[in-house]
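All remarks here apply to the structure that follows.
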Amino acid sequence: MSTSNVILSVKEKVGYALGDTASNFFFQTFNIFLMYYYTDVYGISAAAAGTMFLVTRLFDAVNDPVMGLVADRTNTRWGKFRPYLVVMAIPYGILGYIMFTGPDLGATGKLVFAYITYTLMMIAYTAINIPYSALMGVMTSNSRERTILASYRFVFAFGGGFLVSMLVRPMVSHFGAESEAAGFRMTMAIFAVVSIALFWVTFATTKERVKQPADQKPNVRKDMGNLLENLPWLIMFISAIFVLANTALRNGAIVYYFKYYVGDSGDKFFLFFDQTTFFMTTGLFAMIAGVASTKFFNARFDKRKLMIVLTSLNAVGMAVFFIIPSDWFWTMVAVNFVATFIVGPTPALVWAMMADTVDYGEWKPGRRTTALAFAAVQFAQKFGLTIGASLTGWMLAIFGFVANELQSDTSMMGIRLLFSIFPAAFAGTSAIIMIFYPLNDRKIAEIEEELVARKSKDS
């Protein structure tokens, strides 16, 4: 049966999606809490932490295309990509935990420890997440089915993010009665065990079906050239940098914004939530609802147009936070709920469009480079995260931030800008770039049909 006719079972879709839940137990924790942990818990300066993010993430980002080339050339009886979910799960979990063990090594020793553990963790993250992301492109070649699969993926991804936003601060408080550092250690130990188990579930419940052309021989130069000739992929690559810079800036500023601008003391505000946790949890709930609506929107609107409109509206939503007074908490919750619901479908659309660019690469230049294409865009995403995370640390330092002290008017302004105007500018730039994306849903359907005809002729 042609892979364009493959309709994936709910079991396989859920099994695949759980892999991104596993990723987000660490990914979202790093995005939201790692800068805070380094500055306010572990005692590293904001500027040093910002530089550390730049150095380690640039090194890590370079690994992505390398891992893509390796994965594309892997051949086992379990497939190209699935074996990495088993092999790398345990190192991934262990290193994520070790990052938060926080040994007392003095100022220089702490920074060296952060450099080493974060670098090793990102290598493990690359080795498991590049194959995981590429796996979506070979489970089926049906574009609409991949969009649905991506929707499942990001419902479960943001489900993991939802749990992180809801549970980290209460768990740290519960397990860290004597010290916040101890609370982070125990919390991350639990997340590590759960992440390992979920990656193994993904391995057990998925199947690779789409094969590269039988006559395609390994050739790094041709594979890289294929990507550079692939205009839709190039647009997605550039857009990804700005999207993730926006994400890293805003997520990295959340805890600072609420601790220092809103004045969240960490006391229970609603049930077991403090204000920061309640804000993040309701936002992630809206995001999940938005992701779950992807199929509804995609059935009615072209993916490209949806990306442009939804990203633009989200940029406006973030910018509004600059003018919201510090005591208007419920207004913050309402604006964030609407903005995150609006942006909810975009992650699923991005990865579905990425799979479309792989089909385009096989259709026009004639080479299929699934893992390399996904890896190179993940490189762009990590580069965007690097920019965002580094800017968070550097801007805090430039505006005069001092951890655990009353902030000056200047440092408070910096925190507000990091949470609103700066990420909104990155998101708006991404929307502008997407205007130049050349593929619409009708063209993708034509490409699918032609690829099926080619493969039928060759078989």
Side-chain angles (χ1 to χ4, degrees), residues 3-28 79 81-82 84-85 89 128-165 194-195 197-210 236 243 283-301 303 306-307 310 340-359 370-371 374 377-378 381 441 444 448:
T3 57
S4 65
N5 297 323
V6 170
I7 304 300
L8 303 175
S9 68
V10 172
K11 176 183 176 181
E12 189 168 7
K13 291 172 182 171
V14 170
Y16 176 75
L18 285 172
D20 222 344
T21 306
S23 293
N24 272 273
F25 273 116
F26 284 150
F27 182 78
Q28 286 289 20
F81 310 129
R82 291 172 60 243
Y84 291 98
L85 305 180
I128 200 168
N129 272 275
I130 294 299
Y132 171 77
S133 295
L135 178 59
M136 188 182 80
V138 296
M139 290 171 65
T140 176
S141 61
N142 183 301
S143 180
R144 287 197 174 275
E145 189 68 6
R146 286 192 304 228
T147 302
I148 296 171
L149 179 60
S151 301
Y152 271 82
R153 173 185 176 178
F154 284 100
V155 165
F156 281 78
F158 290 116
F162 178 83
L163 292 175
V164 166
S165 66
V194 174
S195 295
L198 291 179
F199 273 126
W200 287 350
V201 170
T202 300
F203 169 82
T205 54
T206 55
K207 183 178 180 180
E208 299 182 26
R209 298 178 180 86
V210 181
M236 297 301 296
V243 169
L284 262 297
F285 180 81
M287 179 72 81
I288 293 169
V291 175
S293 303
T294 303
K295 182 179 179 181
F296 172 84
F297 286 113
N298 188 55
R300 290 161 177 80
F301 305 101
K303 289 196 287 288
L306 270 177
M307 280 293 299
L310 297 180
T340 50
F341 175 81
I342 287 171
V343 82
T346 59
L349 293 174
V350 164
W351 288 104
M353 292 166 76
M354 267 304 307
D356 291 342
T357 69
V358 174
D359 286 349
T370 306
F374 277 83
V377 167
Q378 195 152 312
Q381 291 181 327
D441 288 350
I444 289 298
E448 282 182 19

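Computed from a predicted structure; not experimentally measured.
The minimum heavy-atom distance between T294 and S151, with the atom names listed, is CB-OG, 3.2 Å. Across all their heavy atoms, A352 and T147 have their closest contact at CB-OG1, 3.4 Å. Closest of all the heavy-atom pairs between A22 and S195 is O-OG, 3.1 Å. Nearest heavy-atom pair across G344 and V291 is O-CG2, 3.0 Å.
A distance of 11.5 Å separates CD in Q28 from OG1 in T21, rounded to the nearest 0.5 Å. Atom CG of L349 sits about 7.0 Å away from atom CG of L310, to the nearest 0.5 Å.
Between F154 and P345 there is no side-chain heavy-atom pair separated by less than 4.5 Å. Between I444 and D359, the closest side-chain pair of non-hydrogen atoms is not below 4.5 Å. The shortest side-chain heavy-atom distance between V210 and T140 does not fall under the 4.5 Å cut-off. Contact of the E145 side chain with the K13 side chain is registered, since non-hydrogen atoms from C-beta on lie closer than 4.5 Å. Under the 4.5 Å side-chain criterion, counting only non-hydrogen atoms from C-beta, L149 is in contact with L8. Looking only at side-chain heavy atoms (C-beta outward), F199 and S23 come within less than 4.5 Å of each other.
Checked by atom type and distance alone, the side chain of R82 pairs as donor or acceptor with a backbone atom of F203 at under 3.5 Å. Of the possible polar contacts, one joining the T202 side chain to the G15 backbone as a donor-acceptor pair under 3.5 Å is found.
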Quiz: residues 131-139 side-chain donor-acceptor pairs under 3.5 angstrom, not counting sequence neighbours:
{"residue": "Y132", "atom": "OH", "partner": "Y16", "partner atom": "O", "Å": "2.6"}
{"residue": "Y132", "atom": "OH", "partner": "D20", "partner atom": "N", "Å": "3.2"}
{"residue": "S133", "atom": "OG", "partner": "N129", "partner atom": "O", "Å": "3.1"}
{"residue": "S133", "atom": "OG", "partner": "R153", "partner atom": "NH2", "Å": "3.3"}
{"residue": "S133", "atom": "OG", "partner": "Q378", "partner atom": "OE1", "Å": "3.3"}

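Under the side-chain contact (heavy atoms from CB on, under 4.5 Å) rule, I288 has a single partner from F341, F156, F162, which is F162.
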Note to self: Between T340 and L284, is the side chain to side chain contact (heavy atoms under 4.5 Å, CB included) condition met? List the steps.
What the structure shows: CA-CA 7 Å; T340 50; L284 262 297; over 6 Å; no
Check: Please walk me through it: do E12 and R209 pass salt bridge (Lys or Arg N to Asp or Glu O under 4.0 Å)?
Finding: CA-CA 13 Å; E12 189 168 7; R209 298 178 180 86; 2.9 Å; yes
Check: For K303 and D356, what are the C-alpha separation, side-chain angles and deciding distance, and is it a side chain to side chain contact (heavy atoms under 4.5 Å, CB included)?
Finding: CA-CA 11 Å; K303 289 196 287 288; D356 291 342; 3.2 Å; yes
Note to self: Between W200 and L85, does the side chain to side chain contact (heavy atoms under 4.5 Å, CB included) criterion hold? Intermediate values first, please.
What the structure shows: CA-CA 6 Å; W200 287 350; L85 305 180; 6.0 Å; no
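Residues that satisfy the salt bridge (Lys or Arg N to Asp or Glu O under 4.0 Å) test with E208, not counting sequence neighbours, are absent from this structure.
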